[in-house]
Amino acid sequence: MKLRLLDRYVLKELLYPFGFGVASFSCIFIASTMLFQITKFVTQYGASIESVAKMFFYSLPEIINYTFPMSMLLASLMAFSKLSGSSEIVAMKASGISYYRIVVPVLVVGFVISMFSVIWAEKVVPEAKAQCSYVIDYEIKHNTKPRTQRDVVIPALKGKTPRITYAREFDNDLGKMYDVTITEYEKGKITRIQTANEATYDQGAWRVGEGDIYSIGEKGGVSSHVHFREQVIPIDISPRQLDWQEKNLDEMTIRELREYITLLEGQHKGTYQQWCEIFMRINIPLASFFFAMMGAALGTQKQRASNSIGLGISVIIIFIYYAIMTLTTGLAKGGILNPFIACITPNLLCLGIGLYFMKQKNN
């Protein structure tokens with residue numbers, strides 16, 4: 001019973017600064033990035049209030065996800081700074097409760113927030129970013145991209161037959177693609193290649209003129225060849241949607257990234273950036289747990305520190321964390337460092353520092 005009361009008391013001290021951290025860090029992100037964008041879109045493109053509101057709404061999931069680790073660090077640091085400053089930590093230890101046991105509710109909350117953040121980053125953020133990109137490109141900028149594009153790549157990663165469609169040139173006004181190649185895959189291997197001189201969007205479907213279909217055998221050679229006069233190709237998007245349907249890496253789910261990696265590996269292309277995106281998608285949310293450990297240990301001092309000092313320490317740690325993350329992932333994307341090692345290094349450093357200080361505070 002005594003330990004349950006202790007847990008509830010520590011959690012009570014933790015939740016308020018966590019909520020404050022989410023709100024304050026979100027405001028910092030919004031003020032430093034989004035307000036400038038909104039001003040630019042309103043003045044340069046005459047964006048409507050509705051479009052700006054949509055962009056703002058779809059940008060929030062990513063911003064909130066980044067604030068979770070920061071807020072967990074701030075909350076644990078401020079909570080334990082208050083508890084230790086009023087000698088409550090000393091009293092708890094004097095009653096026979098170890099420092100490790102006192103920290104348990106903070107670690108549990110950090111772990112729960114990390115798991116929630118991983119799910120949030122996978123299920124909510126990619127779709128929200130894709131919608132935000134659409135609003136910016138087509139509701140605010142009014143499709144100001146060049147009407148003719150070269151080297152258009154359309155990955156269709158879902159379904160039983162993943163395929164990549166490539167067009168040397170795409171004319172949005174005419175609704176035509178030129179020099180079209182469709183490569184189909186099965187289990188990461190090329191199974192069929194379809195080529196055509198041009199494809200035209202007509203009555204809700206893409207139709208190609210004369211072309212050829214090559215079936216690829218298990219050993220890599222051409223097993224059969226068929227010439228056709230006309231047929232419909234499996235691209236379920238309009239010319240207006242064509243240039244935004246190709247997702248950026250941060251707009252893909254982990255499953256889509258894995259499938260995309262398989263296709264790229266089948267073409268013997270580098271996949272360092274894609275693997276970094278996957279590992280960052282997991283390791284950044286997990287930072288909430290490691291930040292909770294660090295914050296509790298750093299906040300446990302003989303004298304109570306002010307909230308401003310706690311906020312300052314949090315900002316310094318966050319800056320160092322993301323500086324290391326930027327350095328290591330940059331090396332990984334350049335092929336110098338293993339992507340997994342690069343993305344997990346900042347968390348391992350936090351784990352080591354947290355364990356060291358917790359051991360010191362337990363003495």
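Being a predicted model, the structure only gives us computed values, none of them experimental.
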_Between Tyr321 and Met294, is there a side-chain heavy-atom distance shorter than 4.5 Å?_
no

*asked:* Is there a ring-ring contact (aromatic ring centres under 6.0 Å, His included) between Tyr134 and Tyr58? Walk through the geometry before answering.
replied: CA-CA 10 Å; Tyr134 176 77; Tyr58 287 128; 9.5 Å; no

Grouping I, L, V, M, F, W and Y whenever their side-chain heavy atoms are under 4.5 Å apart, do [X] and [Y] come out in a common cluster?
X: Ile89; Y: Tyr9; value: yes
X: Ile64; Y: Phe116; value: yes
X: Ile317; Y: Tyr356; value: yes
X: Leu348; Y: Ile278; value: yes
X: Leu327; Y: Phe279; value: no

[atom1] of [X] to [atom2] of [Y]: how many Å apart, nearest 0.5 Å?
X: Cys132; Y: Asp137; atom1: SG; atom2: CG; answer: 9.5 Å
X: Thr345; Y: Met325; atom1: OG1; atom2: CE; answer: 8.5 Å
X: Leu286; Y: Cys343; atom1: CG; atom2: SG; answer: 11.5 Å

*So Phe41 and Tyr45, would you call those rings parallel, tilted or perpendicular, with 30° and 60° as cut-offs?*
tilted

*Do the rings of Phe18 and Phe68 sit parallel, tilted or perpendicular, given the 30° and 60° boundaries?*
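It falls in the parallel class, under 30°.
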
Please give me the minimum heavy-atom distance between [X] and [Y], naming the atom from each residue.
X: Val135; Y: Met55; value: CG1-N, 4.2 Å
X: Ser288; Y: Met72; value: O-CG, 3.2 Å
X: Ile63; Y: Ser26; value: CG2-CA, 4.0 Å
X: Met293; Y: Leu355; value: SD-N, 3.8 Å
X: Phe291; Y: Ser76; value: O-OG, 3.6 Å
X: Val106; Y: Leu14; value: CA-CD2, 4.3 Å

*Between the side chains of Thr300 and Tyr99, does any donor sit under 3.5 Å from an acceptor?*
yes

*Are Gln273 and Glu277 close enough that a side-chain donor and a side-chain acceptor fall under 3.5 Å?*
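Distance-only check fails for Gln273 and Glu277.
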
Near [X] [atom1], under 6.0 Å, is it more than 12 heavy atoms from other residues, nucleotides or ligands?
X: Tyr322; atom1: OH; result: yes
X: Asn197; atom1: CG; result: no
X: Tyr16; atom1: OH; result: no
X: Phe357; atom1: CZ; result: no
X: Tyr66; atom1: OH; result: no
X: Phe57; atom1: CZ; result: no

*For the pair Thr181 (side chain) and Tyr166 (backbone), establish whether a donor and an acceptor sit closer than 3.5 Å, ignoring hydrogens and angles.*
no

*asked:* Suppose we screen for salt bridge (charged side-chain N to carboxylate O under 4.0 Å, His left out). Which residues come up paired with Asp179, at least two apart in sequence or across chains?
replied: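 With sequence neighbours excluded, Asp179 shows a salt bridge (charged side-chain N to carboxylate O under 4.0 Å, His left out) to Arg168, given in chain and number order.
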
*Mind jotting down which residue pairs meet the salt bridge (charged side-chain N to carboxylate O under 4.0 Å, His left out) criterion with at least one end in residues 30-50? Sequence neighbours excluded, please.*
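Sorted pair list: Glu50-Lys54.
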
*Begin from the C-alpha positions of Leu60 and Ile30 and carry the test side-chain contact (heavy atoms from CB on, under 4.5 Å) through to its verdict.*
CA-CA 9 Å; Leu60 284 180; Ile30 292 170; 4.1 Å; yes

_side-chain contact (heavy atoms from CB on, under 4.5 Å) for Phe111 and Val108? Distances and angles first, verdict last._
CA-CA 5 Å; Phe111 180 77; Val108 170; 5.8 Å; no

*When Thr183 is tested against each of Thr165, Thr195, Ile190 for side chain to side chain contact (heavy atoms under 4.5 Å, CB included), which residue passes?*
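It is Ile190, the one option of Thr165, Thr195, Ile190 that forms the side chain to side chain contact (heavy atoms under 4.5 Å, CB included) with Thr183.
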
_Members besides Leu15 in its Ile/Leu/Val/Met/Phe/Trp/Tyr cluster (side-chain heavy atoms under 4.5 Å)_ =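 None; Leu15 is a cluster of one.
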
